[in-house]
Amino acid sequence: MLPTPLSFLILTAAGFISRHQQRALLYLQAENAVLREQLAASGRRLRFSDPQRRRLARAAKGVPRRTLRRLATIVTPDTLLRWYRMLVARKYDGSHRRHSGGRPPIADKTRELIVSIATKCRSWGYSRIKGTLAHLGVGVSRSTIARVLREAGIEPAPERGKSTSWKTFIDSHLGCIAAIDTFTAEVLTFTGLVRCHVLFAIDLATRRVEIAGITNNACGDWTEQIARDLTDGIDGFLKSTRYLIMDRDTIFTEQFRVILRQGGVEPVRLPPKSPNLNAFAERFVLSIKSECLSKIIPLGERHLRHVIREYAVHYHEERPHQGIGNVIIDPPVQAANEDGEIVCSARLGGVLKHFHRSAA
């Protein structure tokens with residue numbers, strides 16, 4: 001049977017299209033090879049996203065393996081077919097619609113309660129924590145408590161009870177524990193800027209502060225004399241103190257600590273680089289610098305002493321403290337006058353201000 005003109009025309013068009021497709025395919029292969037060579041030269045590795053893997057898997061579905069071996073250059077044919085099998089498996093995967101077996105997960109509030117009890121009561125074991133939770137109406141097994149504490153990085157009671165947390169130590173000794181620290185201030189003199197060191201002690205319970213000394217030549221002899229003054233049995237700031245927290249500054253010498261012990265005060269040296277463990281003293285430094293020293297240029301050491309003395313009066317007698325319930329440490333002794341006029345008083349030329357009612 002002779003081909004009709006129409007069938008001949010169709011065969012001719014199909015051959016023409018096939019030649020163009022073959023040329024396009026050859027170009028894409030050449031371009032792909034060039035890109036691969038550039039990637040190999042740069043040392044970078046191809047990393048595919050999930051959408052890219054799905055796109056290649058769908059495109060490779062209808063291509064024979066022999067053709068894939070010839071065409072696929074960035075991944076192997078087996079990889080493409082594996083991606084496609086995963087695509088099909090994901091379509092019929094119903095695991096996300098199934099409920100997981102076993103016990104339901106523990107509530108976040110219960111988990112937080114377990115960690116809180118173990119942290120605050122360091123000597124309590126799993127059984128005692130379980131009994132406390134049962135008394136509170138929370139039913140949790142002993143193994144669950146052990147797992148929660150293990151995941152939180154909290155050791156069992158025998159190891160946990162051998163040490164006392166820093167917060168527990170501070171809370172249990174409030175009233176007989178103080179801290180000592182220094183800060184510096186740059187003073188403008190005729191010879192230029194001079195750095196002065198200010199040594200202070202703070203009572204952690206009341207937040208009272210004692211400016212122990214100011215000098216431009218901080219040394220061991222200076223701090224040792226200050227230790228004698230602070231531990232004086234009559235009017236020393238530390239006469240009722242049992243522990244004194246300090247960092248590892250070299251001015252706190254061995255002799256300085258010996259003098260403290262002779263005065264009945266046990267020095268507690270902090271680990272290196274741990275200012276957070278002396279937070280009360282650090283907070284006072286932040287307060288005096290942000291509220292006062294950062295707004296004044298001290299003109300000599302005498303002026304610096306006056307500025308710090310004025311701030312100390314403001315700190316104790318005029319400034320409410322959030323850490324102790326927004327009360328004033330040493331409020332002026334005067335009769336209350338609820339009807340008096342509200343007056344704004346200032347110190348250091350208005351750098352420090354406070355409000356009070358005028359006397360009757």
Side-chain angles (χ1 to χ4, degrees), residues 115 118-120 122-123 149 152-156 158-187 193-231 236-238 241-291 293-294 308 315 323:
V115 173
T119 304
K120 295 178 180 178
R122 300 180 64 83
S123 62
L149 296 182
I154 299 176
E155 62 273 12
E159 288 78 13
R160 189 170 7 110
K162 292 178 181 178
S163 61
T164 301
S165 69
W166 185 247
K167 184 178 184 303
T168 301
F169 175 77
I170 296 294
D171 292 341
S172 61
H173 291 89
L174 281 178
C176 61
I177 186 170
I180 194 169
D181 203 354
T182 62
F183 64 89
T184 61
E186 297 294 334
V187 174
L193 289 175
V194 176
R195 174 172 293 181
C196 286
H197 297 260
V198 182
L199 181 66
F200 70 95
I202 179 172
D203 181 83
L204 303 194
T206 63
R207 303 299 200 276
R208 285 186 175 86
V209 170
E210 174 77 7
I211 303 300
I214 301 175
T215 183
N216 58 7
N217 183 26
C219 60
D221 294 339
W222 176 64
T223 56
E224 289 162 14
Q225 181 57 47
I226 289 177
R228 297 184 184 94
D229 297 338
L230 291 175
T231 56
F237 183 76
L238 301 178
T241 299
R242 182 179 176 187
Y243 297 100
L244 182 64
I245 300 173
M246 64 185 66
D247 58 23
R248 295 178 178 267
D249 197 316
T250 55
I251 62 174
F252 300 135
T253 62
E254 177 63 31
Q255 183 61 28
F256 173 83
R257 299 193 295 274
V258 170
I259 295 172
L260 289 177
R261 293 190 183 96
Q262 292 173 350
V265 180
E266 180 64 29
V268 179
R269 301 183 73 194
L270 299 177
K273 299 179 180 179
S274 57
N276 57 310
L277 299 183
N278 202 6
F280 294 90
E282 294 291 339
R283 187 62 183 85
F284 173 75
V285 174
L286 175 62
S287 297
I288 191 172
K289 286 192 173 184
S290 61
E291 297 173 12
L293 294 179
S294 63
I308 293 179
Y315 178 87

Assess the residue pair Leu293 and Phe183 against the criterion (side chain to side chain contact (heavy atoms under 4.5 Å, CB included)); give the C-alpha distance rounded to whole Å, side-chain angles, the decisive distance to 0.1 Å, and a yes or no.
CA-CA 11 Å; Leu293 294 179; Phe183 64 89; 3.6 Å; yes
Quick one: pull up CZ in Arg248 and NZ in Lys273 and give me the separation to the nearest 0.5 Å.
12.5 Å
Could you check if a side-chain atom of Cys196 sits within less than 4.5 angstrom of a side-chain atom of Asn216, using non-hydrogen atoms only?
yes
Heavy-atom pair of closest approach, residues Gly220 and Thr253:
CA-CG2, 3.9 Å
Check whether Thr223 reaches the backbone of Ile251 with its side chain - one donor and one acceptor, N or O, closer than 3.5 Å.
yes
Closest approach of Met246 to Leu260 (non-hydrogen atoms, all atoms of both residues)
CE-CD1, 3.6 Å
Surrounding CZ of Arg261 (heavy atoms of other residues, nucleotides or ligands, distance under 6.0 Å), is the total greater than 12?
yes
Strictly distance-based, threshold 3.5 Å: is any side-chain N or O of Ser294 a donor or acceptor partner for the main-chain N or O of Lys289?
yes
Side-chain donor or acceptor of Arg257 paired with backbone N/O of Phe252 under 3.5 Å
yes
Straight-line distance of Gln262 CD to Gln255 CD, nearest 0.5 Å:
7.0 Å
Which heavy atom in Leu204 sits nearest to a heavy atom in Ala178, and how many Å separate them?
CG-CA, 4.2 Å
How long is the span from the NE2 atom in His197 to the SG atom in Cys219, to the nearest 0.5 Å?
10.0 Å
Report yes or no: do Asp229 and Gln225 form a side-chain donor-acceptor pair below 3.5 Å?
yes
Under 4.5 Å between any side-chain heavy atoms of Phe256 and Asp249, yes or no?
no
When every non-hydrogen atom of Gly213 is compared with those of Ile226, the smallest separation belongs to CA-CD1, 4.1 Å
CZ of Arg269 to CG of Asp247: how many Å apart, nearest 0.5 Å?
9.0 Å
Describe, in one word, how the ring planes of Phe284 and Tyr315 are oriented to each other, choosing from parallel (under 30°), tilted (30 to 60°) and perpendicular (over 60°).
perpendicular
Keeping Arg242 on the side-chain end and Ile177 on the backbone end, is there a donor-acceptor pair under 3.5 Å?
no
State which residue, out of Thr182, Asp181, Ile288, Ile214, fulfils the side chain to side chain contact (heavy atoms under 4.5 Å, CB included) condition with Phe200.
Asp181
Is there side-chain contact between Asp203 and Phe237, with at least one heavy-atom pair below 4.5 Å?
yes
Report yes if the side chains of Trp222 and Leu199 come closer than 4.5 Å at any heavy-atom pair, otherwise no.
yes
Locate the shortest heavy-atom distance separating Leu230 from Glu210; write the atom from each residue and the value.
CD2-CG, 4.2 Å
For Pro271 against Leu277, the heavy-atom pair lying closest together:
CD-CD1, 3.7 Å
